[in-house]
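What follows is a set of notes on a single structure, which appears directly below.
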Protein chains: 2
Amino acid sequence: MKLPETAKNRLEDALKQLNLRPTQQREHVFAVLLSERDHPTADEVYVRAKKSMPSISLATVYNCLEILVSCKLVKQVNFDREPTRYCPNLAEHAHFHCNDSHRVYDVDLPQDLLNSLKSVLPKGYEASKVELSFHGTRVDTTPSK
Amino acid sequence: MKLPETAKNRLEDALKQLNLRPTQQREHVFAVLLSERDHPTADEVYVRAKKSMPSISLATVYNCLEILVSCKLVKQVNFDREPTRYCPNLAEHAHFHCNDSHRVYDVDLPQDLLNSLKSVLPKGYEASKVELSFHGTRVDTTPSK
DNA sequence: ATTGAAGCTTAGAATCATTATTATTACAAA
DNA sequence: TTTGTAATAATAATGATTCTAAGCTTCAAT
Ligand SMILES: [Mn+2]
Ligand SMILES: [Mn+2]
Ligand SMILES: [Zn+2]
Ligand SMILES: [Zn+2]
């Protein structure tokens, strides 16, 4: 588990903006998030982080995730009342939540759809954030042979 | 607080489908939800319900709300990790969450937008539910005179 | 190098929306 | 009426998250 140099720089710059220190735990939690394209919960991040940093605590994982969110390097993703998930994909995108596997997939949004989304709001509504999520099942389209 | 006859029939029919009894509490909670166009939390429903049914308990409010949801007469609406809100608007629609007032507004969605929303999913993704929410501030456009 | 202040991490306690448990009550069928 | 089942209400339990307090680390100034 190693944080790529470019990500490390992004983290250090973002932390510096907020007068926060680049610590081993913060780098490691960021590395854990970047190493997989799924959307782990804090608990899952904790389990993964402990693999190569056994002394890290769950409280610290929560703290680091919160810091990464306030640095805008990571986004929180919520489905109904399930535990919050964390996503390091900074592009505007939607999420697909598979009811079978409980896995979460990123869904790209074309720019014109983003535009028409914002245009549905009546006068007087100023949206600073738009969230779009799909729930269903992902059927396997892999050819069997 | 009185449940209109047509709504009462809708409720009784839906309950009968599931072999559930039409109780005073279930009718009353439904009436509370229909009487305002906001999106109250279970706790807010509880406070309102007690006004004309002081003996109702919070547990029963939760139970009734859950029943109404399983009857598909009411939908749950979640914003991040805030308490679940309840919406009796059965039309497909989006929600606008005002960060200032913490009020929630329904936003109608044109049919062609609904279609293009579903068309962004790659092959193999079958969505049974689409959720769209906006967060921001609603500026007052009421003329001052 | 030492010191002091501020920032960090950690363990554990607290919070709070929601769910589970269970005794009591309501009610419909026999 | 009797009897069986469902519903309600009070209370306890749950669980993700946040808070608290204590000790540790970093770093700049001396
Ligand atoms: Mn799930
Ligand atoms: Mn709010
Ligand atoms: Zn994502
Ligand atoms: Zn609504």
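Residue numbers begin at 1 in each chain, while the letters A, B, ... track the order of the sequences.
- If you measure from atom CG of B:L58 to atom C1' of C:dT18, you get 9 Å, rounded to the nearest angstrom.
- Among the protein residues, A:T23 comes within range of the sugar-phosphate backbone only, with heavy atoms under 4.0 Å from sugar or phosphate atoms but none that close to a base.
- If you take CD of B:Q25 and C1' of C:dT25, they are 10 Å apart, rounded to a whole angstrom.
- Cluster annotation: A:V74 and A:F79 are assigned to distinct hydrophobic clusters (Ile/Leu/Val/Met/Phe/Trp/Tyr, side-chain heavy-atom contacts under 4.5 Å, transitive).
- B:N19 has its CG atom 14 Å from the C1' atom of C:dA29, to the nearest Å.
- For the pair A:Q24 and C:dC8, the criterion of a side-chain N or O lying under 4.0 Å from OP1 or OP2 is not met.
- Nearest nucleotide to the side chain of B:C64, out of D:dA9, D:dT8, D:dA16: D:dT8.
- Here the side chain of A:A59 is nearest to one of C:dT18, C:dT10, D:dA9, namely C:dT10.
- There is no side-chain donor-acceptor pair under 3.5 Å between A:N99 and A:H135.
- Note: CG (A:L65) to P (D:dT18) measures 10 Å, nearest angstrom.
- Of all the heavy atoms in A:F134 and A:A94, the pair that sits closest is CE1-CB, 4.0 Å.
- Contact check, A:R21 against D:dT25: no side-chain N or O comes under 4.0 Å of OP1 or OP2.
- Shown for residues 27-47 of chain B: no residue has heavy atoms falling under 4.0 angstrom of DNA chain C.
- The phosphate of D:dT17 has OP1 or OP2 within less than 4.0 Å of a side-chain N or O from A:T84.
- Inspection of the A:D108 and A:H93 side chains reveals no N or O donor paired with an N or O acceptor under 3.5 Å.
- One can place OH of A:Y62 at 5 Å from C1' of D:dT17, the figure rounded to the nearest angstrom.
- Counting only heavy atoms from C-beta on, B:T60 has its side chain closest to D:dA9 among D:dA9, C:dT18, C:dT10.
- Between A:Y105 and A:R103, the side chains place a donor N or O and an acceptor N or O closer than 3.5 Å (distance only, hydrogens not considered).
- Distance NZ (B:K16) to C1' (C:dC27): 15 Å, rounded to an integer number of Å.
- Taking the nucleotide of DNA chain D with the nearest heavy atom to each of B:N63 and A:P22, the more 5' of the two is matched to B:N63.
- The distance from atom CD1 of B:I56 to atom P of D:dA7 is 14 Å, rounded to the nearest whole Å.
- Remark: A:D43 engages no residue in a salt bridge (Lys or Arg N to Asp or Glu O under 4.0 Å) (not counting sequence neighbours).
- Between B:R81 and C:dA17 there is no side-chain N or O to OP1 or OP2 distance below 4.0 Å.
- Across all strands, A:E82 comes closer than 4.0 Å to no nucleic acid atom at all (heavy-atom distances).
- Between B:R26 and D:dA7, a side-chain N or O to OP1/OP2 separation shorter than 4.0 Å is present.
- Side-chain contact check for B:H97 and B:E82: at least one donor-acceptor pair (N or O, by modelled atom type) lies under 3.5 Å.
- Rounded to whole angstrom, the span from the CD atom of B:E12 across to the C1' atom of C:dC27 amounts to 15 Å.
- Regarding contacts with the backbone of D:dT8, every side-chain N or O of B:S57 stays at 4.0 angstrom or more from both OP1 and OP2.
- Remark: the B:S116 side chain and the B:S119 side chain contain no N/O donor-acceptor pair separated by less than 3.5 Å.
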